[in-house]
Amino acid sequence: MDSRPLYEKPALVSPLKLLGGISPRNFMREYWQKRPLLVRQAIAPDQFHVAAQDLFALAAREEVESRLIARAAGKRAKPGAGWTLSHGPFANEDLPGARKNGWTLLVQGVNLHLAQADNLLRQFSFIPDARLDDLMISYATDQGGVGPHFDSYDVFLIQTQGRRRWRVSAQCDLRLVEDAPLKILSDFKPCEEWLLEPGDMLYLPPHYAHDGVAEGECMTCSVGFRAPSHAEIAAEFLAELGEGLHADKSFARLYADPGQEAVSTPARLPEGLVKSATEQLKKITWSETQVERFLGRMLSEPKPRVFFDPPQRPLSESKFEKAALRRGLRLHARSIALYGKHDFHLNGEALAGTPSKVQRALLNTLADARCWDPADAKKVFADPALAELAYDWYADGWLELG
Ligand code: SIN
Ligand code: CO
């Protein structure tokens, strides 16, 4: 990472340029998950610049998720026809070339690799990190796009280079073309359209139909916010809860059937077994604290292809402390920190033991601000337990010198 994160705690009731002069509080009340918002000049066009070659270099990496989408020029009349989708990594020669029209390269998780992408994504810190997914960049040549579709996520589409024409629709008909290699709406009926110029931004709530087509070569950043489904939460939570039951004495007892009568239908499930299992299952309960702890772990878990780069020649503990007191510390862009009323989670790991009030305040600052300034670091190194944690996280590549 080449530059310091520019974390600025947003003033929730002050107008924000990023939101077209709307305050974060009003944005959340009026638009978030409700309706689209177009913001002209949300960011200064020179605030973000990724060269196409740098994006192509990311798409060539094994651990970076990328997709190439194209549409045959002669097949544009019929929805869903002529689309092709392939998955990366892509060598430079796998890409069609800037002179060929109608293709798009999508690169996910750019914030994990480029500091300026992480900085852009952190400008949305008025939205809980638990909902944050990633910053994707799409590069397109003239007429490139991914077709009319909807996403399940909230998304901020920021035009960073060139122009893209967005057409959107509040339609309820979200049927998709069958057998197309990507999600294409079978009957897209746009009701509004805008041409986005560099610096402009369009927010779209989930399930809002949209289609963005490049007018000339262009680049668009999508800051996406995921929401886990209830089924996903329930399945993972119950699986974890199930693991814990093996250690629970009251569940260790075996089913007993001293009253079982002789049977002539041996394949039939005994009624007593079904009743007893139902009763036992009804005894399983959980608290909000357990649910909060589970969510902290689940949502702070980095994605499967995310790896950290521990420092190759780590400083000794004393040199690390000296440097941290001078420069402060910051979370690596790939680190995910979340906290609840009781727990602190970093990258899917909960802190062992219960932190004291002072420790919690410092840990929560690290999670919210994503850094400890030198004054915070002084308090951290005055506490041997926190100092040890800080050093371990540094050695793992989760925390770095500011
Ligand atoms: C794109 O940037 O080309 C697609 C983003 C989207 O429609 O969600
Ligand atoms: Co979309």
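Start at 1 and go down the list; that is how both ligands and their atoms are numbered.
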Legend entry - Side-chain ion pair, Glu197 and Arg40, N-O less than 4.0 Å: no
Inset, instruction - Run the salt-bridge test on Asp200 and Arg163 with the 4.0 Å N-O cut-off and return the result as yes or no. - result: no
Legend entry - Atoms of ligand 1 close to Arg164 [distance to a heavy atom under 4.0 angstrom, numbered from 1]: 3 (O)
Inset, instruction - Do me a favour and list the nearest non-hydrogen protein atom to atom 3 (O) of ligand 1 with residue, atom name and distance? - result: Ser138 OG, 3.3 Å
Legend entry - Minimum-distance protein heavy atom relative to atom 4 (C) of ligand 1: Val146 CG2, 3.9 Å
Inset, instruction - Specify which N/O/S atom of Asp151 comes nearest to the Co ion (ligand 2), by atom name. - result: OD2
Legend entry - No-hydrogen, no-angle side-chain donor-acceptor test under 3.5 Å, Arg164 and Thr220: yes
Inset, instruction - Can you sort out which atoms of ligand 1 are near His210, meaning under 4.0 Å from one of its heavy atoms? - result: 6 (C), 7 (O), 8 (O)
Legend entry - Proximity of Asp151 to ligand 1 by residue part, where a heavy atom lies under 4.0 Å: side chain
Inset, instruction - For ligand 1, note which part of Trp166 has a heavy atom under 4.0 Å away: side chain, backbone, both or neither. - result: side chain
Inset, instruction - State whether Lys275 and Glu271 are salt-bridged, where the test is any N-O pair (Lys NZ or Arg NE/NH1/NH2 against Asp/Glu carboxylate O) under 4.0 Å. - result: yes
Inset, instruction - Please note down the angle at the Co ion (ligand 2) between NE2 of His210 and NE2 of His149, to the nearest 10°. - result: 90°
Inset, instruction - Report yes or no: does Phe150 have a heavy atom closer than 4.0 Å to ligand 1? - result: no
Inset, instruction - May I ask you to check whether His149 has an N/O atom sitting below 3.5 Å from an N/O atom of ligand 1? - result: yes
Inset, instruction - Using a strict 4.0 Å threshold on nitrogen-to-oxygen distance, state whether Lys189 and Asp187 make a salt bridge. - result: yes
Legend entry - Heavy-atom neighbours of Glu62 CD exceed 12 at 6.0 Å: no
Legend entry - Centroid-centroid distance, Phe156 to Phe27, less than 6.0 Å: yes
